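Letters go in sequence order (proteins before strands), and every chain restarts at 1. Because the structure is a prediction, the values reported are computed rather than measured.
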Amino acid sequence: MSDHATKPESAASTPSHRYTADLASGFEKHWRTQWESDGIYRVGNPGDPGFDDSLPKFYCLDMFPYPSGAGLHVGHPVGYIGSDILSRFHRMRGYNVLHPMGWDAFGLPAEQYAITTGIHPAETTRAAIETYRGQLDAIGFSYDWSRELATIDPDYYRWTQWIWLQAWNSWFDDTCDKAKPLSELIESLSNGQREVEGRPWSDLNDEEQQAYLDDKRLAYLSEQVVNWCPKLGTALANEEVIDGRSERGGYPVVRKPLKQWMFRITAYADRLLADLDKVNWPESTRTMQAEWIGRSEGADIDFQCEHGDPIRVFTTRPDTIFGVTFMVLAPEHPLVQALITSPSPSTDVEALKQYVETASSRADVERMADQEDKTGVALGLSAINPATGETIPIWVADYVLMSYGHGAIMAVPGHDERDAAFATRFDLDIRTVVRSSNGPAGEGCLTGDGLVINSSGDDLSLDDCTSEEAREAVIEWIEKKRIGDRQVRYRLRDWLFSRQRYWGEPFPIVHDEHGRTWPISEEHLPVELPPLDDFVPVESEDPQPLLAKAEAWLNTTAGEAGVDPALLPPDTPVTRETNTMPGWAGSCWYHLRYCSPNCDTRFVDEKAEAYWLGDGVDLYIGGAEHAVLHLLYARFWNKMLHDLGHVSSEEPFRRLFHQGLLTSWAFQRSDGSLVPVDEVEEKDGDQYVETATGASVKRTIAKMSKSLRNVINPDEVIETWGADTLRLYEMYMGPLESSKPWNPRDIIGVFRFLQRLWRLVIDEETGSVIMADEPDETIERALHRTIHKVESDIERLSFNTAIAALIEFVNVATSTGRMTTDQIGRLVRTLAPMAPFVAEEIWHRIGNESSIALTQWPEFDETMLVDDTMEMPIQIKGKVRSKITVPSDASETHLQETALADPRIVELIGEAPVRKVIVVPGKIINIITG
RNA sequence: GCCACCGUAGCUCAGUGGUAGAGCAGACCCUUGGUAAGGGUGAGGUCACGGGUUCAAGUCCCGUCGGUGGCUCCA
């Protein structure tokens, strides 16, 4: 059999059955085809014929890729190889394994490309998917391709739109902390169980009712200041803005008021935070999400103002209230706006007006650039510190943000660095009211907790309290005086969900001429993207979504668009929503769709979902760069769908693992600039010079990127070495989670390992199997140890050590003798999850008919893990001085006697008295002398 | 500035309180003889540094230095 593998070698000297790249690629191609036609990686669902739902399940998910035109580089498959090993391992252990793959295919790059080339994003994306699929297949992944999906498929985004409508039709009930259908709210309003600010529902007119409901929805329309990126022609979510620049592309982002679709993710802040304790995720990722959600405990406090209403602030440090020497309002604060229109006599209106205008027009980049250099203007008004009764000035400054708390702060320059910088800049009072509990009343700004001092007033005294006690006392005091109360605040903002681009899911909603919104009914989904051939964003003061260009599609009627006639007469003229959903939409729920990718009656088949996702995805592997974006959004959608009864588990991804970044060598000139890899030559072993100039360059490690020309294509690696070598090398490089550099010179190491393994069992001259009739004892023991080691290493995703164990075994077996076919079978089954092609080939050569992927994982015998005799080191005072060979089960007494009788030990101890002998059976003997 | 992780052979990395390990590179020997060949044998270590705990520390604790990642006007 396997004559596909006996391709003659070009070099006459090479034995014709040696493991070479040619030989490997021959049988790799053969098995790929065979696996595909036998459908061995296909898995059914509960209820399907032959599907045994009493077996345990393993849902092993990869973060699906965005198929870019450039194709895969060797960094992409790192995580995929890891998850494939786990999937294959679990299949052999008797699990039903769901291991799917798909495409995150909406998004900016394809559209940016369309702008320059005019080629429709659908076309480039489909082509990219084909490339990716071919590249992934060559690596030998065990995906169930019958479950393949792409977020751009109308059959897929139909349900993305359906989920969005669920959110649009829901509200968050604070009293039980979960989402409910809006119909329940309407019912409790109409039957009088609930009122609107003291008014019965029936007293509200139609418009008021609508406005009230719209304000409750989980997906709602809101006019707000957004992160507008002129270069990308779209607004971005907070999570997509880094240091005032767009996450993709790094373009400047400015603040602009726009009417946008939002998600009420803040309603879930406490649950998203609390449930981080329920998942098996990397600590760092949980910390990042927790910090992003940013829970702060504190209090709201009202400060009486000279004129008008009191100013409400939020503070986490009520214990420092005696140290409040001024207040600061955000430039967008209503009081500031009011003062500009009707100024008080002491207000410098011109200065104020100018400051507010400058602040609002400044991009966030600038605002953040000068954190040290505080700016601000005095309002000419004052407030009263409720603790001291003193009059304190009110200022306006852009370091206070309207979007957090109440857009106003009580400034405590003695104990807050930002307030301190502001006070110093404008020469305002600084008062120390906390001292360090162990040190002297300190110089500088103590921002932590301590002991409260200088804090006594008429009806409140905090002196000598700890900060903790003082906080409680102040909260109690303000609550009693009814000037404030305890509060918890989150840093998390609602999620801006509209984009002004073309290549995304359209919203299933239309607007009537009165500005009211109407949903498309379920049976008319999906709202398909209209065709468009011009993708250049419209340049205008008021940003125009691209879909506005599709005029024929844009202006339609309620009936045409699919609005329920019971809601709106079919001939009502309506305009469609022109925003599209962001790239994150499709990835929020793809893990659900994989359970039943072709279900056309529901977004996911109920029984399939309950089986595969009853307790969430078992293992989710993907990059750490999604820690607060995709992973937070997907958790939010999952919770929402869970509340509405559509999804079983509270959390989507039970266990999460981040693979490390694959880096590559890069070369640097003496001035620090980078040189492409292909313009560098090696000299004298460890020196590198730039080919063109001969100047010496320094080797560094950098991300793989086109501009450095240090990108390695997996196709080329497979061509040169075979897919098994690529898989093994990527796993052998180091721990899966660490970032590590691709070093072409190391690949040959794992290739040689496969070659030695092959030579161990296949005669290189004849191609026949090298067999022993009787098992060799040493090999048998080593094999049991190897199976044990590989098994426990795979379970903890430590593939590099598992491979090292296999290398050791092959080295031992090679120098010991031959193996029986039974031993060879167990060896290749142990190898199969990591190097499936060569394992399959040998498996068949030793006479098996069915695929190795469908066999059982080999067993090991505990008693075979230890040898009969072992070498034990003897220490004298903690230093190894000698070694003895003893039976493995020797008693402590026997060990002690043998050790003390060892000639070298006798000599070293000499006359010194032995004070103590520590015997750790199986490990070590330590002799303590006087 | 804060948080997390890391520092072991020239490189990339294992190492579970108990003998310091692997692959690659480099050295030597054997085999082979035409462009990434095979086998074998040496060599290579202040486990970043300084303290502590322990019979025993690469491993646990504290500190310092260096690196990586993340967060950062969030009151």
Which part of the nucleic acid does [X] contact within heavy-atom distance under 4.0 Å: base, sugar-phosphate only, or nothing?
X	answer
A/V880	sugar-phosphate
A/T720	base
A/I928	sugar-phosphate
A/W721	base
A/N926	base

Compare all side-chain heavy atoms of A/T929 with those of A/R915 and state whether any distance is below 4.5 angstrom. no
Specify the separation, in whole Å, of atom [atom1] of [X] and atom [atom2] of [N].
X	N	atom1	atom2	value
A/E730	B/C13	CD	C1'	16 Å
A/I918	B/G17	CD1	C1'	13 Å
A/Y404	B/U72	OH	C1'	14 Å
A/E283	B/G70	CD	C1'	13 Å
A/I884	B/U19	CD1	C1'	13 Å
A/Y729	B/U12	OH	P	11 Å
A/L736	B/C5	CG	P	19 Å
A/I747	B/U12	CD1	P	16 Å

Using atom [atom1] in both nucleotides, what's the gap between [N] and [M] to the nearest angstrom?
N	M	atom1	result
B/A27	B/A37	P	14 Å
B/U31	B/C24	C1'	22 Å
B/G58	B/C49	P	11 Å
B/U8	B/G15	P	14 Å
B/A9	B/A25	C1'	11 Å
B/G26	B/G66	C1'	28 Å
B/G50	B/U46	C1'	13 Å
B/U72	B/G63	P	26 Å

Determine whether a donor-acceptor pair (N or O, by modelled atom type, separation under 3.5 Å) exists between the side chain of [X] and the backbone of [Y].
X	Y	answer
A/D763	A/I770	no
A/S467	A/G450	yes
A/S792	A/H788	yes

For A/D416 and A/T287, take the nucleotide of RNA chain B holding the closest heavy atom to each; which residue's nucleotide lies nearer the 5' end?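 Nearer the 5' end of the strand: A/T287.
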Taking the nucleotide of RNA chain B with the closest heavy atom to each, which residue, A/G734 or A/A408, is nearer the 5' end? A/G734
Looking at [options], which one has an atom nearest to any side-chain atom of [X]?
X	options	result
A/R491	B/G39, B/A75, B/U72	B/U72
A/M288	B/A75, B/G39, B/G70	B/G70
A/R18	B/U19, B/A37, B/C13	B/A37
A/R796	B/C73, B/A75, B/G15	B/G15
A/K740	B/A37, B/U12, B/A75	B/U12
A/Y399	B/C73, B/C71, B/G39	B/C73
A/Q755	B/G70, B/G15, B/A37	B/A37
A/E291	B/C71, B/A75, B/U12	B/C71
A/R759	B/G39, B/U12, B/C73	B/G39

Both distances under 3.5 Å, Watson-Crick or G-U wobble: report the partner of [N], or none.
N	result
B/A27	B/U41
B/U32	none
B/C71	B/G1
B/C49	B/G63
B/G18	B/C55

Taking 4.0 angstrom as the limit, do A/K740 and A/D746 come out as a salt bridge? no
Does B/A22 have its OP1 or OP2 closer than 4.0 Å to a side-chain nitrogen or oxygen of A/T801? no
Does the cation-pi check pass for A/R18 over A/W758, that is, NZ or CZ under 6.0 Å from the six-membered ring centre and within 45° of its axis?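 No.
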Sort out for me which residue in A/Q755, A/H17, A/R759 forms a side chain to side chain donor-acceptor pair (under 3.5 Å) with A/E764.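 The single option meeting the side chain to side chain donor-acceptor pair (under 3.5 Å) with A/E764 is A/R759.
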Students often mix this up, so state it plainly: with edges at 30° and 60°, are the rings of A/F314 and A/Y404 parallel, tilted or perpendicular? perpendicular
Under 30°, 30 to 60°, or over 60°: which ring-plane class applies to A/F422 and A/W395, parallel, tilted or perpendicular?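 Rings of A/F422 and A/W395: perpendicular, as their planes differ by over 60°.
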Under 6.0 Å between ring centres, would you say that holds for A/W281 and A/F657?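 Here the rings of A/F657 and A/W281 have centres that are no less than 6.0 Å from each other.
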If the test is ring pair (Phe, Tyr, Trp, His ring centres under 6.0 Å), which one of A/F751, A/W742, A/W721 qualifies with A/Y729?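 Option passing the ring pair (Phe, Tyr, Trp, His ring centres under 6.0 Å) with A/Y729: A/W742.
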Is the glycosidic angle of B/G42 within 90° of 0, making it syn, or outside that range, making it anti?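 That one's syn.
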Please list each protein N or O that sits under 3.5 Å from an N or O in nucleotides 23-28 of chain B, with the distance.
unit_1	atom_1	unit_2	atom_2	d
B/G23	O4'	A/Y732	OH	3.0
B/C24	OP1	A/R752	NH1	3.4
B/C24	O2'	A/R745	O	3.4
B/C24	O2'	A/D746	OD1	3.0

